[in-house]
K.L.:
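First the structure, which I've put down as structure tokens, then a few questions once you've had a look.
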Protein chains: 4
Amino acid sequence: MSTGQLEQAVGWRRHNERVTTTSTNSGRPKANEGGGGTRRRGKGSPALASERREHLVKLAAELFAEKGFQATTVRNIAEEAGILSGSLYHHFDSKESIVDEILSGFFTEIMSAYQGVIDQGMSPRDTIAGLVRLAFGTLEPHRAAITVMQNDWNYLKGMDRFAYLTKSEDEVEKMWVDTIKAGQKDGSFREDIDPKLTYRMIRDTVWVAVRWFKPGGRLNSKGLAEHYLKVMFDGINTH
Amino acid sequence: MSTGQLEQAVGWRRHNERVTTTSTNSGRPKANEGGGGTRRRGKGSPALASERREHLVKLAAELFAEKGFQATTVRNIAEEAGILSGSLYHHFDSKESIVDEILSGFFTEIMSAYQGVIDQGMSPRDTIAGLVRLAFGTLEPHRAAITVMQNDWNYLKGMDRFAYLTKSEDEVEKMWVDTIKAGQKDGSFREDIDPKLTYRMIRDTVWVAVRWFKPGGRLNSKGLAEHYLKVMFDGINTH
Amino acid sequence: MSTGQLEQAVGWRRHNERVTTTSTNSGRPKANEGGGGTRRRGKGSPALASERREHLVKLAAELFAEKGFQATTVRNIAEEAGILSGSLYHHFDSKESIVDEILSGFFTEIMSAYQGVIDQGMSPRDTIAGLVRLAFGTLEPHRAAITVMQNDWNYLKGMDRFAYLTKSEDEVEKMWVDTIKAGQKDGSFREDIDPKLTYRMIRDTVWVAVRWFKPGGRLNSKGLAEHYLKVMFDGINTH
Amino acid sequence: MSTGQLEQAVGWRRHNERVTTTSTNSGRPKANEGGGGTRRRGKGSPALASERREHLVKLAAELFAEKGFQATTVRNIAEEAGILSGSLYHHFDSKESIVDEILSGFFTEIMSAYQGVIDQGMSPRDTIAGLVRLAFGTLEPHRAAITVMQNDWNYLKGMDRFAYLTKSEDEVEKMWVDTIKAGQKDGSFREDIDPKLTYRMIRDTVWVAVRWFKPGGRLNSKGLAEHYLKVMFDGINTH
DNA sequence: GATGAATGAGGTTTCATTCAT
DNA sequence: TATGAATGAAACCTCATTCAT
């Protein structure tokens, strides 16, 4: 799951454990709940969460990104996977479960990554630069998830099940805003900018780029980041 | 339709002519084409045949903005208007016609306004500033349309009927990019920024603000514009 | 709606007003909720609740009675009515709404009727006789509703929406039990019978008869009632 | 299988022979018909090939009783047993096979028991009393089966496979009705009661009690039976 | 015996749209 | 203009059942 770029930038994530704690419902069908307990699961293999399942999630993510969550039908996804729509329900509770898995996965990952940058204790300016680079760095490996987030946020945020989206958003905002404020305090950033406003503009600029960013185009995501940092730090004016 | 702010800023729009030429289909139902004869609208009455129609469009725009185009049902709109869903079809061909009217109206307006700024023949830097102010200025009067554009663009752009969206977008891009390039040529803007990239970031930053911008909040749209111009021109660094 | 027999027996119900207050949700689609208020409804006509709708309810009741609630599909009902399944949703919220209307209608009616008998202030023995006659009297006009109640009670009672079933049942039980107790006090009924148990046996015997009772058979419902009263009051033994 | 009470009352059942002849299809999967040869079960081992199977039937019966046959899914049963739904098909042909086993088991048992009472050659009055006691006595050990019979009869009776239900019902009816008639002939029972009607009322009253009868409540099933006999024989009136 | 994946038929519901009145 | 009834396509989802491993 080419998160290599992301991991390199931060160096904190050791293995590919899928953490879905953020989401209240990981979407796994409740099949064997009353289970007897005698269910063996092979020698030592740690869950593994089904490669099939992960494959399906990835397919769905592509479709959601391309056509939007609502416009993508369960049949679309099933056809893409070469099965019947009903068969999808062997793996997922509902269409919502799928998008939940996509988004909660992305969110837990990005938040840990952000925290990793902050924990490095760099100067505010370098921290902001690090966060920006990190964010742009997710554009490619998490293109689908980010696109869904951008396009369907408004629709999804209204549902109880996705309350964690708003919650996570707030947490992330705090990380950035605090860093910007620290930068103002230590004299790195201008006093006459509004930290919250500035954060939002940065955030939006980065995520929204997913709409037109094409991997393998003129600029790669690294180039994008550097370009943006330049403008963001020093403006477009000559001095 | 409080476009006052916008009109003042530019001074180009004289009357309330509804220009729908951009859209291939103006969305008017063919129903009453062979008009019976009882149709009043005499010579001196410039009154649009339907304030009712405009009212309905506005209601629909609010709903589309709030819940998304797809998630808003024709019934939702009808209910909001206090009529039955079938009755809407006396005013509009289809659901698409309504959103078409919303978006095409916004686009023709914004494009004329942009052109008006450019035609003033100011310096590149002042022109860019004017465009940015203009764009932020639309946030309030056109909140619904912009929101729809932001959220449902991806879905709508795939439909033939909305091909004009992409076309208009390209025209607008050219206006901005040309101005930025002119600014680089005359030494106002740094040579090491990518004009196209820079335009996109500016554009996205402005429009995406519609997601969190609340009229009557801490900053009005004018304040937002000035804040952004500051950052955009000179960066967030102290110098 | 041949409730004639029932009404005669009691003489308290004046018109065919459909009272659905017992049910928390009458099942009417929420169509014009935000309604403007200007909705006129003809000169003086008191609602009328759509004969079409009532017709559909009756068709559905027959099917539910014949095949059971779960085994009856929405398509079955629609076919019986000569329309498509989706069209049913113009009249009803859901399949549940239909059965709700059937049962809540029956319950409000029977409870009022019971109360009417009690309010006549007859002796306990005559009151019980009246109640039994009344109950048997509903077998024919409310055959479908009673059948549904008998067969699907267990399934329906588990749903929030049908909580009123259990509530109504308790109220009815109180009416009967109080009367039986009064009969014990005034010496009409034996002291060594359990009022609650006795009520339940009477109730079950009556309702369950719906399973085999055929109008136009050897015994009509009046005959059934008299036969049962005989056995219930004096037993099957010769004395 | 605590049929102790039942057996004691009658003393006719000698061994645990599972008699499924009544049912046209015993429900055993044809899977292991050509048995490999490793099938133990030798001479001395009377152990039923599958206590597991019986356990599953019992689990299923509980669920059918609680939620109804149709509302209980194969998955529900499997989960309760701690296996996957597909695995159930190693034990049973189909969902119907399970309920068939439940009901046919109950029916053969109760019919033999009834016959046993009749064969004792007691007076009609004592025979009826015996039958009533016997029926009430099944309420506890066969609660689940009786509940299923009561609630899902209507649904099941329509299926070919369950034709035996109606057939058995008729046989049972004959036993009772003949006894009642004999009682009328010998002067024990009133001439002015309808034997068939009377039988049905008794039968219904007993079985329907399963809906509210709670073992361990105020009255046990023996108490219930005595109470009912009192009312049935002598009525609720004082004399 | 059990798993895990899939089937296929069918279920309820939604919704844009049409049209006679 | 509006209503009220209906259409028809398609949506999400359920579930008994099958079968290779």
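What you see below is based on every heavy atom in this structure, not just the backbone, and it leaves out hydrogens, waters and symmetry mates. Each chain gets a letter, A, B and so on, in the order its sequence line appears, and its residues count up from 1.
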K.L.:
Measure from NZ or CZ of B:K95 to the centre of the six-membered ring of B:F69, then state whether that distance is under 6.0 Å and the direction lies within 45° of the axis.
P.N.:
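B:K95 over B:F69 ring: yes.
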
K.L.:
Rounded to the nearest angstrom, tell me the gap between atom CE in B:M159 and atom C1' in E:dA16.
P.N.:
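Interatomic distance, CE of B:M159 to C1' of E:dA16: 12 Å.
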
K.L.:
Measure the spacing between CG of D:L88 and CG of D:L56 and express it to the nearest 0.5 Å.
P.N.:
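With rounding to 0.5 Å, CG (D:L88) is 6.0 Å from CG (D:L56).
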
K.L.:
CD of C:E79 versus C1' of E:dT12: gap in Å, rounded?
P.N.:
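Spelled out: CD on C:E79 to C1' on E:dT12 is 14 Å.
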
K.L.:
Atom CZ of C:R53 to atom C1' of F:dT3: distance rounded to whole Å?
P.N.:
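Taking atom C1' of F:dT3 as the reference, CZ of C:R53 is at 17 Å.
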
K.L.:
Got a second to check how far A:K58's NZ is from A:H55's NE2, nearest 0.5 Å?
P.N.:
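One gets 8.5 Å once the value is rounded to the nearest 0.5 Å.
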
K.L.:
Compare every heavy atom of D:L103 with every heavy atom of D:A145, then report the nearest pair and how far apart it is.
P.N.:
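Reported closest heavy-atom pair: O-CD2, 3.7 Å.
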
K.L.:
What pairs with C:E80 under salt bridge (charged side-chain N to carboxylate O under 4.0 Å, His left out), at least two apart in sequence or on another chain?
P.N.:
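With sequence neighbours excluded, C:E80 shows a salt bridge (charged side-chain N to carboxylate O under 4.0 Å, His left out) to no residue whatsoever.
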
K.L.:
Set out, in order, the CA-CA distance, both residues' side-chain angles and the distance that settles side-chain contact (heavy atoms from CB on, under 4.5 Å) for A:F64 and A:Q70, then state yes or no.
P.N.:
CA-CA 8 Å; A:F64 288 155; A:Q70 294 167 90; over 6 Å; no

K.L.:
Expressed as a whole number of angstroms, how long is the span from D:E51:CD to E:dG1:P?
P.N.:
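Computing the D:E51:CD to E:dG1:P distance gives 11 Å.
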
K.L.:
Could you walk me through whether C:S97 and C:H91 satisfy the side-chain contact (heavy atoms from CB on, under 4.5 Å) test, starting with their C-alpha distance in whole Å, then the side-chain angles of each, then the deciding distance to 0.1 Å, before giving a yes or no?
P.N.:
CA-CA 10 Å; C:S97 290; C:H91 303 276; over 6 Å; no

K.L.:
Using atom P of each nucleotide, how far apart are F:dT21 and E:dG1 to the nearest Å?
P.N.:
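Comparing P positions in F:dT21 and E:dG1 gives a spacing of 22 Å.
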
K.L.:
Let me confirm one number: the OH-CE distance from D:Y155 to D:M159, rounded to the nearest 0.5 Å.
P.N.:
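Separation between the atoms: 5.5 Å.
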
K.L.:
Which stems does DNA chain E form, counting runs of 3 or more consecutive Watson-Crick or G-U wobble pairs with both distances under 3.5 Å?
P.N.:
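Stem list for DNA chain E: E:2-21 with F:2-21.
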
K.L.:
Using atom CD1 of D:I98 as one end and atom C1' of F:dA16 as the other, report the distance to the nearest whole Å.
P.N.:
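Nearest whole value for this atom pair: 11 Å.
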
K.L.:
Each nucleotide in nucleotides 6-13 of chain F should get exactly one letter: B, S or -. Can you fill that in based on protein heavy atoms under 4.0 Å?
P.N.:
SBB--SSB

